There are 2 protein chains.
Amino acid sequence: MDGAELGWELSTTVALFHEAVARRLRLNAADHKALRIVTRQGPLPAGALAAQLGLGASAVTALVDRLERAGYVRRVTDPADRRRVLVSADGDQDPDLSGIFADLGREMTALVGKYDERELATIADYVRGTIAVFETQTTRLAGTG
Amino acid sequence: MDGAELGWELSTTVALFHEAVARRLRLNAADHKALRIVTRQGPLPAGALAAQLGLGASAVTALVDRLERAGYVRRVTDPADRRRVLVSADGDQDPDLSGIFADLGREMTALVGKYDERELATIADYVRGTIAVFETQTTRLAGTG
DNA sequence: GATCTTGGTTCAATAAGATGAAATATCCAC
DNA sequence: GTGGATATTTCATCTTATTGAACCAAGATC
């Protein structure tokens with residue numbers, strides 16, 4: 001198996017993991033994507049979420065309603081600007097899922113533990129390089145739209 | 001930036017690339033996923049596609065109709081079993097997109113060219129290890145469903 | 001070769017989410 | 001504090017995709 005093939009396999013493997021998580025949370029792909037954004041980028045205004053998802057304001061209201069009803073996020077009015085509604089991730093809801101992520105972290109830590117400093121530097125360099133390549137092409141693709 | 005963070009960044013970067021490709025092809029995420037399956041797994045029966053997508057037969061008929069109308073796939077009746085319809089990717093439709101993928105391949109080749117044999121072995125080992133970790137957790141997640 | 005099964009399509013009904021306009025509340029500038 | 005802009009919600013409508021049942025054609029079984 002050559003490098004490119006291995007890379008695509010990694011890509012689909014991670015995608016399948018995300019899908020499995022979404023299925024477990026009973027979220028469609030779009031809602032799960034929104035939840036990931038909220039989780040990673042901390043409390044953020046509904047409008048920012050709309051921008052990142054490429055959705056209208058009213059669609060995001062409905063989306064956040066769904067996530068809130070499911071108990072995955074909370075709405076907090078921004079004390080600094082009370083028109084704003086900050087969407088904030090609401091803890092770990094699914095104990096099995098927390099276990100999965102914990103194990104994932106543990107196993108990745110173990111994997112990383114196999115390598116010495118120099119090897120880890122190489123791996124990090126490669127990952128960073130790959131990110132740069134994909135970002136470049138994504139930008140081009142968005143531009144030629 | 002630590003390793004885990006870098007890994008998730010790679011994941012979202014690749015996901016954003018896929019989204020940009022889908023947008024360019026004017027496909028929704030589900031149809032684009034189907035097209036990727038058809039592209040990677042060669043001509044395959046509609047039923048196999050249905051199984052992989054978790055959709056019913058009639059939904060796949062509609063999906064393949066859309067992809068076919070857009071010119072991305074063709075239907076070929078399986079000569080070995082003329083009930084079967086093989087869905088087959090229909091060449092490169094978007095010249096810009098072919099260019100993007102060509103450049104992506106070129107740049108990844110260049111990136112890989114920076115490393116010696118030993119380093120490449122380390123990188124491949126790490127990627128394989130990561131795939132294994134994610135597959136394990138995906139399986140667990142599907143199981144505890 | 002009559003019957004049963006399988007693979008796919010068709011079509012009507014349904015469901016889910018997105019859109020766009022109007023409404024509400026808050027902030028900012030003067 | 002009046003007027004205007006901004007952030008979000010509500011609601012009716014529209015789009016888009018999925019479901020499930022009926023249907024057709026082609027293989028498999030006896």
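Letters A, B, ... mirror the listed sequences (proteins, then strands); counts begin at 1. Computation of the quantities below employed the complete heavy-atom set of this structure, encompassing side-chain atoms and omitting hydrogens, waters and symmetry-equivalent molecules. Note that the coordinates shown come from a computational prediction; the quantities given were computed from them, not determined experimentally.
A search for side chain to side chain donor-acceptor pair (under 3.5 Å) contacts involving B/D31 returns B/R66, not counting sequence neighbours. For A/R23, there are no side chain to side chain donor-acceptor pair (under 3.5 Å) partners at least two apart in sequence or on another chain. For A/D94, the side chain to side chain donor-acceptor pair (under 3.5 Å) partners two or more places apart in sequence, or in a different chain, are A/R24. With sequence neighbours left out, B/T77 forms a side chain to side chain contact (heavy atoms under 4.5 Å, CB included) with no residue at all. Remark: B/R82 engages no residue in a side chain to side chain contact (heavy atoms under 4.5 Å, CB included) (not counting sequence neighbours).
For the helix from C/dG1-D/dC30 to C/dC30-D/dG1, the axis fitted to the five pairs at one end and the axis fitted to the five pairs at the other end meet at an angle of 30° (nearest 10 degrees).
Per the geometry, CZ belonging to A/R74 stands 19 Å off C1' belonging to D/dT8, to the nearest Å. Separating the CZ atom of B/R84 from the C1' atom of C/dT9 is a distance of 16 Å, rounded to the nearest angstrom. B/L63 places its CG atom 15 Å from the P atom of C/dT10, with the value rounded to the nearest Å. Across the protein-nucleic acid pair, B/L49 atom CG and C/dT9 atom C1' stand 15 Å apart, rounded to whole Å. In this structure, A/L67 places its CG atom 13 Å from P of D/dT9, rounding to the nearest Å.
For C/dA16, the OP1/OP2 oxygens have no side-chain nitrogen or oxygen of A/N28 closer than 4.0 Å. Look at A/R75 and you won't find any side-chain N or O under 4.0 angstrom from OP1 or OP2 of D/dA7.
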Give the table of side-chain donor-acceptor pairs shorter than 3.5 Å for residues 50-65 of chain A, with sequence neighbours excluded, one pair per line with atom names and distance.
{"from": "A/Q52", "atom 1": "OE1", "to": "A/Q41", "atom 2": "NE2", "distance (Å)": "3.2"}
{"from": "A/Q52", "atom 1": "NE2", "to": "A/Q41", "atom 2": "OE1", "distance (Å)": "2.7"}
{"from": "A/T61", "atom 1": "OG1", "to": "A/A57", "atom 2": "O", "distance (Å)": "3.3"}
{"from": "A/D65", "atom 1": "OD1", "to": "A/R75", "atom 2": "NH2", "distance (Å)": "2.1"}

Determine all donor-acceptor pairs shorter than 3.5 Å in which one atom belongs to a side chain in residues 13-21 of chain B; sequence neighbours excluded.
{"from": "B/T13", "atom 1": "OG1", "to": "B/E9", "atom 2": "O", "distance (Å)": "2.7"}
{"from": "B/H18", "atom 1": "NE2", "to": "A/S11", "atom 2": "OG", "distance (Å)": "3.3"}
{"from": "B/E19", "atom 1": "OE1", "to": "A/K33", "atom 2": "NZ", "distance (Å)": "2.9"}
{"from": "B/E19", "atom 1": "OE2", "to": "A/K33", "atom 2": "NZ", "distance (Å)": "3.2"}

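Sorted by first and then second residue, the salt bridge (Lys or Arg N to Asp or Glu O under 4.0 Å) pairs with a member in residues 116-127 of chain B read A/K114-B/D125; sequence neighbours excluded. Listed by first and then second residue, the salt bridge (Lys or Arg N to Asp or Glu O under 4.0 Å) pairs involving residues 34-56 of chain B are A/E5-B/R40 (not counting sequence neighbours).
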Verdict with supporting geometry, A/T122 and A/Y115, side chain to side chain contact (heavy atoms under 4.5 Å, CB included): CA-CA 10 Å; A/T122 301; A/Y115 307 105; over 6 Å; no

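Ring planes of B/W8 and A/F101: tilted class, angle from 30 to 60°.
Near-neighbour residues of DNA chain D inside residues 51-62 of chain A, defined by a heavy atom below 4.0 Å, number-ordered: A/A57, A/S58, A/T61.
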Enumerate all atom pairs, one protein N or O and one N or O from nucleotides 27-29 of chain C, separated by less than 3.5 Å.
{"from": "C/dC27", "atom 1": "OP1", "to": "A/R82", "atom 2": "N", "distance (Å)": "2.8"}

